[in-house]
Amino acid sequence: MSNIIKVLKGTKDILPQDIEMWHFLEKKAEQVFSKYGFKEIRTPIIEVTELFSRGVGDTTDIVNKEMYTFEKSDRSITLRPENTAGVVRSFIENGMSRLSAPVKLWYHGPMFRYERPQAGRQRQFHQVGVEMFGIEQATADAEVILAAVNYLKALGLHDLDVEINSLGCPKCREEFKTNLKQVLKPYFDELCEDCQKRYEKNPLRLLDCKVESCKKIFEKPEVQEVIKSDFICDECSEHYTELKLYLQKMGVKFSENKLLVRGLDYYNRTVFEIKSNNLGSQNAVAGGGRYDSLVEQLGGEHTPAVGFAMGMERLISLLPTKEPKKLDAYVVSTFQTDAFLMAEELRHQGLNVEFDLTNKKFSKQLEKASKVAKYAIILGEDEILNHQVSIKNLEQGKQITVDRANCVKMMSL
RNA sequence: GCGGGUGUCGCCAAGCGGUUAAGGCCUCGGAUUGUGGUUCCGAUAUGCGUGGGUUCGAAUCCCAUCACCCGCCCCA
């Protein structure tokens, strides 16, 4: 067994016994997001590398060290590490800015990130998410968050924490960055290596740091003062207040987390995360926010936008496992041709049916039936002669014999 | 990139230097030639991640190597 080919590290087969769960997530997404007017979009899994370096941002870990990139006929191509950039690309390319706002899109599919796999983190993983284009008002942010919360509820997930924050717009963010850098300056040498890099390149990301020594620095009163201060401008502040108001009115419980900074460069104003306590260190099931400058940055007209993405594997790990579906019926008969015909007939009537392809002994066939099906359809000599079938309910053990024509009707009883 | 852990049948798993490598589940066959899910019997690893070494003798000790898992970082 040592020379068999195995799945690539960080990738997984979704086996038949697990597929129910995936269908469930996809079906619920379709149902819930449709209610909010979102339409499904499917974009390619590969895109030009530049889309991500320009879209996601070249100071992010995702772009710097986690992309699957390869060259093909003088082009640099990348497996999508996330789907917002791709959807934005499609939005621009297909002239969706001409559509009347809002343009609401949802998607699901595989994403690829070259990271060390661990619990809740794979190299190929799946996300389901939404993007809403064209609305600047906080109603959009609120509606997107609401869609996320209700999707999670529809899956049966109720006890999740919603955290929100506002990063402000580029203007007020500049001011915040300056202040943050200033107050941290005396501690620069004590910061971890990563934070020292972030200090220059992307000071906002400092607040994401999980290193204890850094956290301690951030807890110092003068640093806290900067973090907690509202450097966001009046308009941004108003936008944020409005969002909180809508969330309250809509009955969404949330907490404010001033330290919440999404790792992607395109966010401004609203950012949010939905977390679970049952996921270990990869505890975020959803993350998202507003990205008002991304469309423009990728060559489109200025278009405000909000969206989120959820990790489907993480959602599944929070859900109770589903029993695999049983067949409606298993035809039991030592008369193979009759069994074959019967199975086909039932299939044409819309049932999921199997029969024994190898003509095993009667008792073996029944044993198999009891394992895989709800009903055994028994076709013995008597039944065939009388144009009847015996229907055995395999859970209750009851059996009745009816005319063939009534077979399906009787099974539903 | 840095820390920690584990590798014995399809799955779970005992064994920790000594003749033929427990056991359970699953699968297959039989008891039971048309009535299952209970029970009983039987079958299934010349093999213990891979390559070396130590030893009269190794799944068990040593070295190397690989794979996977967990944590950090980052994210969904």
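All values reported here derive from a predicted model rather than from experimental measurement. Just so we're on the same page: letters track the sequence lines, and every chain starts at 1.
Every residue two or more places apart in sequence or in another chain was checked for a salt bridge (charged side-chain N to carboxylate O under 4.0 Å, His left out) with Asp338(A), and none qualifies. Under the ring pair (Phe, Tyr, Trp, His ring centres under 6.0 Å) criterion, Tyr291(A) pairs with Tyr266(A), not counting sequence neighbours. Here Phe340(A) pairs with Phe355(A) under the ring pair (Phe, Tyr, Trp, His ring centres under 6.0 Å) rule; sequence neighbours left out.
Here Lys360(A) lies in heavy-atom contact (under 4.0 Å) with sugar-phosphate atoms only. Looking at heavy-atom distances under 4.0 Å, Gly287(A) makes contact with sugar-phosphate atoms alone, never a base.
If you take atom C1' in G15(B) and the same atom in C41(B), they sit 27 Å apart, rounded to whole Å. U19(B) and A13(B) are spaced 24 Å apart, taking the C1' atom of each and rounding to whole Å. Remark: the separation of the P atoms in A45(B) and U6(B) is 29 Å, to the nearest Å. Comparing the same atom, P, in U44(B) and in G4(B) gives a spacing of 43 Å after rounding to whole Å. On the P atoms, A22(B) is 15 Å away from A14(B), given to the nearest whole Å. The same atom, P, is picked in C12(B) and in G17(B); the two are 26 Å apart, to the nearest Å. Between A67(B) and U50(B), the distance separating the two P atoms is 15 Å to the nearest Å.
Put simply, CG on Asn83(A) is 12 Å from P on A76(B), counting in whole angstrom units. The distance between atom NZ of Lys6(A) and atom C1' of G7(B), rounded to the nearest whole Å, is 10 Å. Phe355(A) places its CZ atom 20 Å from the C1' atom of U35(B), with the value rounded to the nearest Å. Rounded to whole angstrom, the span from the CZ atom of Phe308(A) across to the C1' atom of A76(B) amounts to 11 Å. In this structure, CD1 of Ile5(A) is placed 20 Å from P of C66(B), rounded to the nearest angstrom. Whole-Å rounding puts the Asp61(A) CG to A76(B) C1' distance at 15 Å. Whole-Å rounding puts the Phe362(A) CZ to U35(B) P distance at 7 Å. Summarising the geometry, the separation between CE on Met310(A) and P on A76(B) is reported as 12 Å, rounded to the nearest angstrom.
With hydrogens and angles ignored, the 3.5 Å screen pairs no side-chain donor or acceptor of Arg54(A) with any backbone N or O of Leu298(A).
In this structure, of U35(B), C74(B), C70(B), it is U35(B) that holds the atom nearest to the side chain of Gln399(A). The side chain of Lys364(A) lies closest to G29(B), out of C74(B), A31(B), G29(B).
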Could you list the donor-acceptor pairs under 3.5 angstrom formed by side chains in residues 323-330 of chain A, with sequence neighbours left out?
from	atom 1	to	atom 2	distance (Å)
Asp328(A)	OD1	Lys374(A)	NZ	3.3
Asp328(A)	OD2	Asn352(A)	N	2.8
Tyr330(A)	OH	Asp356(A)	N	3.4

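The side chain to side chain donor-acceptor pair (under 3.5 Å) pairs that include a residue from residues 14-24 of chain A number zero, where partners must be two or more places apart or lie in different chains. Sequence neighbours left out, not one pair with a member in residues 387-396 of chain A passes salt bridge (Lys or Arg N to Asp or Glu O under 4.0 Å). Legend: side chain to side chain donor-acceptor pair (under 3.5 Å) pairs involving residues 158-168 of chain A, not counting sequence neighbours, sorted by first then second residue: Glu163(A)-Asn257(A), Glu163(A)-Lys275(A).
Base pairing of G7(B) is made with C66(B), judged by Watson-Crick or G-U wobble geometry with both donor-acceptor distances under 3.5 Å.
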Apply side chain to side chain contact (heavy atoms under 4.5 Å, CB included) to the pair Gln122(A) and Glu115(A), showing each step before the final yes or no.
CA-CA 8 Å; Gln122(A) 293 170 209; Glu115(A) 302 177 84; over 6 Å; no

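For the residue pair Thr401(A)/Gln388(A), the side-chain donor-acceptor check at 3.5 Å is not satisfied.
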Contacts under 3.5 Å, N or O only, protein and nucleotides 1-3 of chain B:
from	atom 1	to	atom 2	distance (Å)
C2(B)	N4	Arg116(A)	NH1	3.1

For a quick check, with a 4.0 angstrom heavy-atom cut-off, what is the B/S/- contact string for nucleotides 36-45 of chain B, read 5' to 3'?
BB--------

